[in-house]
Amino acid sequence: MLGIWIGKLILWVLRLRGRDATSLPGKVALRISPGLIRRFGGQVKRVIAVTGTNGKTTTTSLLSGMVVEREPVVTNHKGANLAQGIATAFLRSCSWTGRLSADTAVLEIDEATLPAVASDLPIGVIVVTNVFRDQLDRYGELDGTLAKLLEGIRKTQATLVLNGDDPLCRYLGLRSSRKVMYYGMARDTARSPRREQMRDGQFCLMCGRPLRYDGFWYGQLGLYRCEECDFVRPHPGFQGELQGGFLRFSEEGLPDLLLDLPVSGLYNAYNVLAAASAARALGLTGEAIHGGLRAYRPPEGRMQRFELAAPVTLHLIKNPTGCDSVLDAVVTDGRSKVAVIGINDLAADGRDVSWLWDADFELLAEDQKLSYIVTTGYRAHDIALRMKYAGFPESRIRIEPELAAALQLGIDEGTAAGAVVHALVTYTLLHPAARWLSERRDEREPQAALYRTSVS
Amino acid sequence: MSHKPLCIAHLYPDLLNLYADRGNIAVLRRRLEWRGYEVEVAHVTHSEIPDFSRYHLVLLGGGSDREQAIVAEKLRACAPAFRSAVEDGLPVLAICGGYQLLGEYYQLPSGEKVPGIGLVDMVTEAIPDAPRLIGNIAVWSDEIGVIVGFENHGGRTRHGHRPLGRVLHGHGNDGVSGHEGLRHLNIWGTYVHGPLLPKNPALADAVLRDALAYAHLPDHLEALDDRLEHEARAAFVSLRMNEVAPMLKEEAGSP
Ligand SMILES: [Zn+2]
């Protein structure tokens, strides 16, 4: 009780100061009342957990937007997916006496946190978006991530909604002995691999033999089958197909839905597919699914745009596969461009920056429309070196470890060259970059600032 | 300059690619090309049998335990050819998991022993519940100077050869001996990745000199403009291992 009260108090104080707290209230409250999550877990009827490497934040917001069309929902925001973030989500929704008015929670849960909270929450559905290599120093190795996920799943009786195009998700489905529903893209939309990109899990996790691919979407997502045993991509019960700016969503026995894609890119189409599949698994109507998509506003770092002297697009990069899809988006932009790349190596970024060499920065180096690169962050030199060895001329790389100065340099350079700016930054640089960029924007059009909700 | 190409074999990049060995290959390739050498990189995948008579340098990277066991099995099948080439002076750059594979065995936390290829007198053991040795690392090598990078390994390695160097910051082979890596014949074994070579150009050049000599190519390497590499080393060390910073100034060949 004391924990709830103090947590609420911190939340209230931070709100008064205009701060949007996602973790601190829960962190303090958990220290005082370690059983806090179990207590809240006893009050809600069902929890839908979203986990996986990439896309959990977007999928969680999309799905909670769909559920909210029907009933109030508890959800965590902006990727605060550790125990303290989950506790904060409940604290936001409860009264000062700790009562919740919602029966349902849609929670983004970090892969390593899942086993720790799984038995405290009535988890009825677990969505796993994908399992890619991410922050190796946190879990040891990829196999460790799979073990954590399995451990968490086995502590629940949840129905699993899994990405069937990902062999690592398929493995979870086979090993979990839980009811599983798979989603995936339409078979004939897979493409043959374009470059030597890094892929995880190219070997059958059941027998160790190589996996054969008849086509890929991105990363290791594709039409896989084992050469030896019967490990094969399952036929997806929920199927997506990109059609223009829409995603055609089909499920046997039900009419197709033509879904809006509030954020562009194949990578985000998978998030829409994951959310719609989970919504169907929960029995939501097509109307609720459409409503949730319409209400969605992309958060920071998902190709967020800022109209400054040179237009700036801000991207979050955090692991090779996610970074490759951002690099793809940058080189697909046919305009003249300048890049600002910010790399930090704090715990939330991953202390090991070797992933920079797994990501396909050669794509950027080969982009004829890219005239200049500014590197920034604690590891500004490492990414500069990466670009040098990718073949980008050293004379057109500028190192500026201080973020604001680097963004200003990028904008000045872009303005002088009539080019757009793409800013690619790791997690702990994202909020500072978004804040700095929106302040510059509000200086340019002060009257507009009144009508815009503040960022971060 | 017109010579035969120097052939670098990247063994099993489809299995051992955990720590961005693509970066090591890029550094070796560029540093030769900038000096006018021709380079051929042979990516030897799991379905191929390596031909050790063709290679002038072999790179073995790191993988997960499961993938490492597959590689060990593949390499044992061609161990005699590998061993005789190494005894003739074939340079081997072995990092993390690839380093562990060179020894007698790698003992998993479960107690199961995965046999290595026995190229060197070395064993590695992963002790149950012992923490992984993770973090930034700096090593002093009398041959190279300061070697910097990141380490992340569960196994503790002991061997009967010279170490690559002395740990200045971090854990090294077993976290207690103060030794890091292994030097024997033209084998360079180490736990340092990050990847290893971009921020350690002197080490890259030393390995390349071994490879050029073995290939009977001119092995006098012209100096390159390594200003960015040296700035990157200095920035990294002063940010994350500042106590090592004075050593950088003493190292051989540093401006
Ligand atoms: Zn199989």
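To find a chain, count down the sequence lines: A is the first, B the second, and so on, and within it residues start at 1.
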So B:Phe150 and B:His193, would you call those rings parallel, tilted or perpendicular, with 30° and 60° as cut-offs?
-> perpendicular

Which bit of A:Ile399 comes within less than 4.5 Å of chain B, counting heavy atoms only: side chain, backbone, both or neither?
-> side chain

Side chain, backbone, both or neither: which part of A:Ala380 has a heavy atom under 4.5 Å from chain B?
->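 The answer is neither part of A:Ala380.
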
Sort out for me which of B:Ala235, B:Pro198, B:Ala234 touches chain A most, counting heavy-atom pairs under 4.5 Å.
->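 Of the candidates given, the most pairs with chain A belong to B:Pro198.
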
Give a yes-or-no answer on whether the side chains of A:Thr428 and A:Asn344 include a donor-acceptor pair shorter than 3.5 Å.
-> yes

Identify which part of B:Leu228 has an atom lying under 4.5 Å from any heavy atom of chain A, answering side chain, backbone, both or neither.
->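 When you check distances to chain A, atoms from both the backbone and side chain of B:Leu228 fall under 4.5 Å.
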
Can you say whether B:Arg29 sits under 4.5 Å from chain A via the side chain, the backbone, both, or neither, judging by heavy atoms?
-> neither

With A:Lys318 as the cation and A:Tyr427 as the aromatic partner, state whether NZ or CZ is under 6.0 Å from the six-membered ring centre and within 45° of the axis.
-> no

Less than 6.0 Å separating the ring centroids of A:Tyr224 and A:Phe231?
-> yes

Look at atom CD of A:Gln368 and say whether more than 12 heavy atoms of other residues, nucleotides or ligands are closer to it than 6.0 Å.
->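 No - once you tally the heavy atoms of other residues, nucleotides and ligands closer than 6.0 Å, there are 12 at most.
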
